[in-house]
J.: 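Right, I'll just put the structure down here and ask away after.
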Amino acid sequence: MRDRPLQLLDWYDVHARSMPWRVPPADRKAGRLPDPYGIWLSEVMLQQTTVAAVRDYWRKFTARWPTVSDLAAADDADVMAAWAGLGYYARARNLLKCARVVVADHGGVFPSDRDVLLTLPGIGPYTAAAVAAIAFDRPETVLDGNVERVMARIHDVHTPLPTAKPHLMALAAALTPQDRPGDYAQAVMDLGATICTPKSPACGICPWRDGCAGRIAGTAASLPRKTPKKAVPVRHGFVYVVRRSDGAWLVETRPDTGLLGGMLGFPGSDWSDDPRPAPPVGADWRRLDATARHTFTHFHLELTILWAVVGSDSMPEKGFFQRRGVFTPAALPTVMRKVHDLVAESLPFGG
DNA sequence: AAACCGTGGTT
DNA sequence: TAACCAAGGTT
């Protein structure tokens, strides 16, 4: 069998996926490396998130904040609004923290060392290795969901995740080449994303098919094994949508920690088995004849929507009014945007 | 160390 | 359609 990394790099030279932040293999071989800021931004956005979902957000962020210094100087609310809809909002809070540390402690220059990168907010083992390898061509080993799957299959590893993770890491590290480590890292992930897919891998066209123990054993499609997850419960809650007579919307900035931390939203009850309404302002409340349903990572949510129209002298106990032109549903996390859309289509208020 | 933390696409 | 899944990190 020919050298596995070289086999994969030859495949990558032909089949590399094109991405806005990526430098194609031909250019990288000529010595060109990507902007570390763009790679860091892409890697944070790509955490548990598909390439398709990230593309437009990455373009929007780099157009508005072209350098890490620009991002570090941004207003928190602008960054959170720009991140709205992408999910895992702690990433956006850590993104800002990280940018500010890079400016304050590293002169606005991204560190190239994996262990230094690991000290930065929002950068864990995967992202530190990815930035070092992809942006600086350091021989670091990335272990993401793709690499775990590929390693489990070519070595026919039956130990379930996450127990198997250290073993899979050792197997992946043993393959990482000294030459073109950045392309190699991207190549394994492209292989996992396009050939060695979770459900029905395309073993027939895989550059690693010859030495793949999982394919030979007939177990590939069932690997990696994973310990079963718990069923997600259903929780309930109330949201309060207040329109002022001039069309302004009552919103609040959610606390920095916890679910949807730091994001804009409509005030509401807690989300529990037995929530109690606690309206943010005295008003003639009416119940909307529609329920907002949304699924988070660890629970389903059913929200009862209460709405009211108040006068221009209204002084809410919670939140603040955003006028027309300032308020935009695009700045809301998806569950709140669903609430907004249900209200907007039920109450023709002129947007 | 297990729980928490979003969303949209695929099966 | 409900479950699964995606370039994970933090506490």
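Throughout, a chain's letter reflects where its sequence line sits, starting with A, and its residues are numbered from 1. Computation of the quantities below employed the complete heavy-atom set of this structure, encompassing side-chain atoms and omitting hydrogens, waters and symmetry-equivalent molecules.
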J.: Just compare dC5(C), dG9(C), dT7(B) and give me whichever is closest to any side-chain atom of Pro125(A).
T.: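 Looking only at heavy atoms from C-beta outward on Pro125(A), the closest nucleotide is dG9(C).
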J.: Enumerate the protein-to-nucleotides 9-11 of chain B contacts in which both atoms are nitrogen or oxygen and the separation is below 3.5 Å.
T.:
none

J.: Is it possible for you to say whether Leu161(A) and Leu223(A) belong to one hydrophobic cluster, with membership spreading through side-chain heavy-atom contacts below 4.5 Å?
T.: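 Leu161(A) does not cluster with Leu223(A).
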J.: Should we say atom NZ of Lys165(A) is surrounded by more than 12 heavy atoms from elsewhere, each under 6.0 Å from it?
T.: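 Counting neighbours around NZ of Lys165(A), 12 or fewer heavy atoms of other residues, nucleotides or ligands fall under 6.0 Å, so no.
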J.: More than 12 foreign heavy atoms under 6.0 Å from NE2 of His167(A): is that the case here?
T.: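 At most 12 heavy atoms, drawn from other residues, nucleotides or ligands, come within 6.0 Å of this atom.
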J.: Pick the P atom in dG9(C) and in dG8(B), then give their distance to the nearest Å.
T.: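 Result for the P pair: 22 Å, nearest Å.
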J.: Looking at Leu95(A), Asp35(A), Leu117(A), which hits side-chain contact (heavy atoms from CB on, under 4.5 Å) with Trp40(A)?
T.: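 For Trp40(A), the side-chain contact (heavy atoms from CB on, under 4.5 Å) test succeeds with only one of Leu95(A), Asp35(A), Leu117(A), which is Leu95(A).
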J.: For residues Pro36(A) and Ala135(A), report the shortest heavy-atom separation together with the two atoms involved.
T.: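 Smallest heavy-atom distance, with atoms named: CA-CB, 3.8 Å.
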J.: If hydrophobic residues (ILVMFWY) are linked whenever their side-chain heavy atoms come closer than 4.5 Å, directly or via other members, who joins Val310(A) in its cluster?
T.: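 Cluster partners of Val310(A): Phe238(A), Tyr240(A), Val242(A), Leu250(A), Val281(A), Trp285(A), Leu306(A), Phe321(A).
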J.: May I ask you to list the residues of residues 177-191 of chain A, by number, that have any heavy atom positioned under 4.0 Å from an atom of DNA chain C?
T.: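 Residues of residues 177-191 of chain A under 4.0 Å from DNA chain C: Met189(A).
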J.: Return yes when atom CG of Asp179(A) has more than 12 non-hydrogen atoms of other residues, nucleotides or ligands closer than 6.0 Å, and no otherwise.
T.: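 No, the 6.0 Å shell around CG holds no more than 12 heavy atoms from other groups.
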J.: Considering only heavy atoms from C-beta outward, does the side chain of Arg55(A) approach that of Pro20(A) to under 4.5 Å?
T.: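 Touching, per the 4.5 Å side-chain cut-off.
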J.: Using atom P of each nucleotide, how far apart are dC5(B) and dA7(C) to the nearest Å?
T.: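 To the nearest whole Å, 23 Å.
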J.: If the cut-off is 4.0 Å, is His298(A) near the phosphate of dC4(B), judged by side-chain N/O to OP1 or OP2?
T.: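 Negative; the distance criterion is not met.
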J.: Would you say Lys230(A) reaches dA2(B)'s phosphate, i.e. side-chain N/O to OP1/OP2 under 4.0 Å?
T.: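 The answer is no; no side-chain N or O of Lys230(A) sits under 4.0 Å from OP1 or OP2.
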J.: Nearest to the side chain of Thr127(A), which nucleotide is it out of dA6(C), dG6(B), dG9(C)?
T.: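 Among the listed nucleotides, the one closest to the side chain of Thr127(A) is dG9(C).
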J.: Is the phosphate of dA2(B), meaning OP1 or OP2, less than 4.0 Å from a side-chain N or O of Lys229(A)?
T.: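 No, no such contact exists.
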J.: What is the nucleic acid contact for Lys165(A), judged by heavy atoms within less than 4.0 Å: base, sugar-phosphate only, or nothing?
T.: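 Nothing: the residue Lys165(A), judged by heavy atoms under 4.0 Å, touches no strand.
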J.: Do Thr297(A) side-chain and dG6(B) base share a donor-acceptor contact under 3.5 Å?
T.: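 Counting by modelled atom types and ignoring angles, a donor-acceptor contact under 3.5 Å is found here.
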J.: Just by distance, do the side chain of Asp27(A) and the backbone of Arg32(A) share a donor-acceptor pair under 3.5 Å?
T.: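 No, Asp27(A) side chain to Arg32(A) backbone: no donor-acceptor pair under 3.5 Å.
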J.: Going by heavy atoms closer than 4.0 Å, what residues in residues 9-39 of chain A are next to DNA chain B?
T.: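 Result for residues 9-39 of chain A: none.
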J.: Please compare Val232(A) and Gly192(A) by the position of their nearest nucleotide in DNA chain C and report the one closer to 5'.
T.: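 Looking at DNA chain C, the more 5' nearest nucleotide goes with Val232(A).
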J.: Can you tell me how the ring of Trp83(A) sits relative to the ring of Phe61(A), calling it parallel under 30°, perpendicular over 60° and tilted otherwise?
T.: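 Perpendicular, since the angle between the ring planes exceeds 60°.
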J.: Please work out which residues in residues 129-146 of chain A have a non-hydrogen atom less than 4.0 Å from an atom of DNA chain C and list them by number.
T.: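 Those residues are Asp144(A), Gly145(A), Asn146(A).
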J.: What residues in residues 40-49 of chain A put a non-hydrogen atom under 4.0 Å from any atom of DNA chain B?
T.: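 Those residues are Gln48(A), Thr49(A).
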J.: Does Leu260(A) share a hydrophobic cluster with Tyr57(A), counting links as ILVMFWY side-chain heavy atoms below 4.5 Å and allowing steps through other members?
T.: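 Hydrophobic grouping puts Leu260(A) with Tyr57(A).
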J.: Does OP1 or OP2 of dT7(B) have a side-chain N or O of Tyr89(A) closer than 4.0 Å?
T.: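 Checking dT7(B) against Tyr89(A), a side-chain N or O does come within under 4.0 Å of OP1 or OP2.
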J.: Sub-3.5 Å donor-acceptor pair from the side chain of Arg153(A) to the main-chain atoms of Gly214(A), do we have one?
T.: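 No, because the side chain of Arg153(A) does not come within donor-acceptor range (under 3.5 Å) of the backbone of Gly214(A).
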J.: Quick one: label Leu86(A) by what it contacts on the DNA or RNA (base, sugar-phosphate, nothing), any heavy atom closer than 4.0 Å.
T.: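 Here Leu86(A) touches the bases of the nucleic acid.
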J.: Without swapping roles, check the side chain of Arg28(A) against the backbone of Ile134(A) for a donor-acceptor pair under 3.5 Å.
T.: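 Yes: the side chain of Arg28(A) pairs with the backbone of Ile134(A).
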J.: Check the distance between dA6(C)'s C1' and Tyr57(A)'s OH and give it to me in whole angstrom.
T.: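 Atom-to-atom, Tyr57(A) to dA6(C), this comes out as 15 Å.
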J.: Looking at side-chain heavy atoms only, is the closest gap between Arg254(A) and Met336(A) below 4.5 Å?
T.: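 Touching, per the 4.5 Å side-chain cut-off.
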J.: Between the side chain of Arg100(A) and the main-chain N/O of Ala72(A), is any donor-acceptor distance below 3.5 Å?
T.: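 Checked: pair present.
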J.: Is the shortest side-chain N/O distance from Arg337(A) to OP1 or OP2 of dG8(B) below 4.0 Å?
T.: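 Yes, such a contact exists.
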J.: Test Phe296(A) against His294(A) for ring pair (Phe, Tyr, Trp, His ring centres under 6.0 Å), laying out the working first.
T.: CA-CA 7 Å; Phe296(A) 293 100; His294(A) 190 73; 4.8 Å; yes
J.: Both distances below 3.5 Å, Watson-Crick or wobble geometry, any strand: find the nucleotide opposite dT10(C).
T.: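 Base-paired to dA3(B).
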J.: Please say yes or no: joined through hydrophobic side-chain contacts below 4.5 Å, possibly via intermediate residues, are Tyr126(A) and Tyr88(A) part of one cluster?
T.: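 No, Tyr126(A) and Tyr88(A) fall in different hydrophobic clusters.
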J.: Name the closest nucleotide to the Val51(A) side chain, picking from dC4(B), dG8(C), dA7(C).
T.: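 So the nucleotide nearest the side chain must be dA7(C).
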